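Since we're looking at a predicted model, the values are computed, not measured. Every chain is numbered from 1 and lettered A, B, ... according to where its sequence line falls, protein lines coming before strand lines.
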Number of protein chains: 2
Amino acid sequence: MVRMEQHTAERILATARQLVIAGGYNGFSYADIAAVVGIRKPSIHHHFPSKADLVQALVAGYRDDLAAGLAHFENLSPDAAVQLQSYIATWEACITDGSMPFCLGAQLAAELPALPPEVAVEVKAHFRLLAAWLTEVLARGAQQGRFRLTDSAELEAEGIMATVHGAMLSARAYGTPATFGLIVGPLLQRLII
Amino acid sequence: MVRMEQHTAERILATARQLVIAGGYNGFSYADIAAVVGIRKPSIHHHFPSKADLVQALVAGYRDDLAAGLAHFENLSPDAAVQLQSYIATWEACITDGSMPFCLGAQLAAELPALPPEVAVEVKAHFRLLAAWLTEVLARGAQQGRFRLTDSAELEAEGIMATVHGAMLSARAYGTPATFGLIVGPLLQRLII
DNA sequence: CACCATCTATCTACCAGTAGGTAGGCTGTC
DNA sequence: GACAGCCTACCTACTGGTAGATAGATGGTG
């Protein structure tokens, strides 16, 4: 072959991510991926034996990326308000420019009852990771005097996560990416002192 | 035949609704429905020529049910706060008892880019209907002195809708129906005077 | 009333296409 | 020569959908 090396597995994952975000677990096939990546269908099985393996690896990698991104936000500034704003702003940018119009975790959570168990586990881990980070940031921000919390940090974090996910859904339903920012903006204003 | 009459179409729709809520548009097949309803697969085509027809009718009927439900809440009490609470409480009950663990409109919105156009149109109409009703209720409640709005009724309505949808998603992801109430409760407390 | 046409709802049998997945072979690199 | 990576060829199961037949109800006409 003409040199595709390990690189191919990543191209498969990148393609799968786009397709899953567009149509969910049952919304794509190995044939779809093969057509985009430019290899034959069975070659995908060489990298990911089964579809469940592929999507499991996809969500696990997505979670790693998320964790790295969140750590990056914490390095940018010690101010919890800035960290939270960075998270929101990043999503706003991805949705607006269409590079990532929806959260992979939220997408798969919607069809959780129909997912292979090994994928469902990864999706749940995604929610736990995100909720834990938001809780930490809110607690830290409250301690810094940057946030005004009316409920526990845990509960406020769950509320923020839910609103962010719901805002993505509305932006998609209306076909207007700006909807995301419109919904999420007041969320921060209410919180930041 | 032993008399199934028109009744069959409704049993097909009821089954389809459950299956779509569990796994989305591509998460069920005519064979699945046939097995539940107790007829043969091609008999479904007699009632709904294509899968897109079936799901279009499903969402249209779901929206009619929603409109009827919202009108019912308005008949129960002239108090906008009670009307909004009725809406929330109804969802809380459906999620808790498992009879309707997710909103059909939100489920399909998640895979909107992959949906047949005639279905996508119905899903968008669902979002517009719900947002319009919430906007009305919030405006009326503010006028009645029952709600404290910090933004426009339209924007607050979008925020509530997003949070409700996101709370359903989190309840599903965590596998804990009570999560819905935990997230949505503070939403009302913040609003009601 | 008897007759016939039509309609509705279902069936069996089948179609082409696609799903995820397997077997085994070729080729270039370490 | 082992192995990674890709290929062709193939498999079974299932997809949405069609064709044509059947059985029973309906309704108009002589």
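Base contact: B:Ser43 has a heavy atom under 4.0 Å from a base atom. Residue A:Phe48 is classed as having no contact, given no heavy-atom separation below 4.0 Å to the nucleic acid.
With hydrogens and angles left out, the side chain of B:Lys41 and the base of D:dG16 share a donor-acceptor pair within 3.5 Å.
Nucleotide C:dA19 holds its C1' atom 11 Å from the CG atom of A:Asp32, rounded to whole Å. A:Lys51 has its NZ atom 15 Å from the C1' atom of D:dA13, to the nearest Å. The distance between atom NE2 of B:His45 and atom C1' of C:dA13, rounded to the nearest whole Å, is 14 Å. At whole-Å resolution of the value, NE2 in A:His46 and P in C:dG21 are 16 Å apart. Atom CZ in A:Arg40 sits about 13 Å away from atom P in D:dC6, given to the nearest Å. Between B:Ile33 atom CD1 and D:dC14 atom P there is a gap of 17 Å when expressed in whole angstrom units. Atom-to-atom, OH of B:Tyr30 to P of C:dT12 comes out at 18 Å; the value is rounded to the nearest Å. One can place NE2 of A:His47 at 18 Å from P of D:dC3, the figure rounded to the nearest angstrom.
Between D:dT15 and B:Ser29, a contact under 4.0 Å exists linking OP1 or OP2 to a side-chain N or O. For B:Thr8, no side-chain nitrogen or oxygen approaches OP1 or OP2 of C:dA9 to under 4.0 Å.
When the options B:Leu130, B:Leu129, B:Leu58 are evaluated for a side-chain contact (heavy atoms from CB on, under 4.5 Å) with B:Arg63, the one that passes is B:Leu129.
Both A:Leu149 and A:Leu187 sit in one connected hydrophobic cluster of ILVMFWY residues. Membership requires side-chain heavy atoms under 4.5 Å apart, directly or through other members.
Nearest-nucleotide mapping onto DNA chain C: of B:Ile12 and B:Pro42, the residue sitting toward the 5' end is B:Ile12.
Without hydrogens or angle criteria, B:Tyr174 side chain to B:Leu169 main chain gives no donor-acceptor distance under 3.5 Å.
Annotation: the span from A:His7 atom NE2 to A:Ile12 atom CD1 amounts to 10.5 Å, rounded to 0.5 Å.
Centroid-to-centroid, the aromatic rings of B:His165 and B:Phe102 stay 6.0 Å apart or farther.
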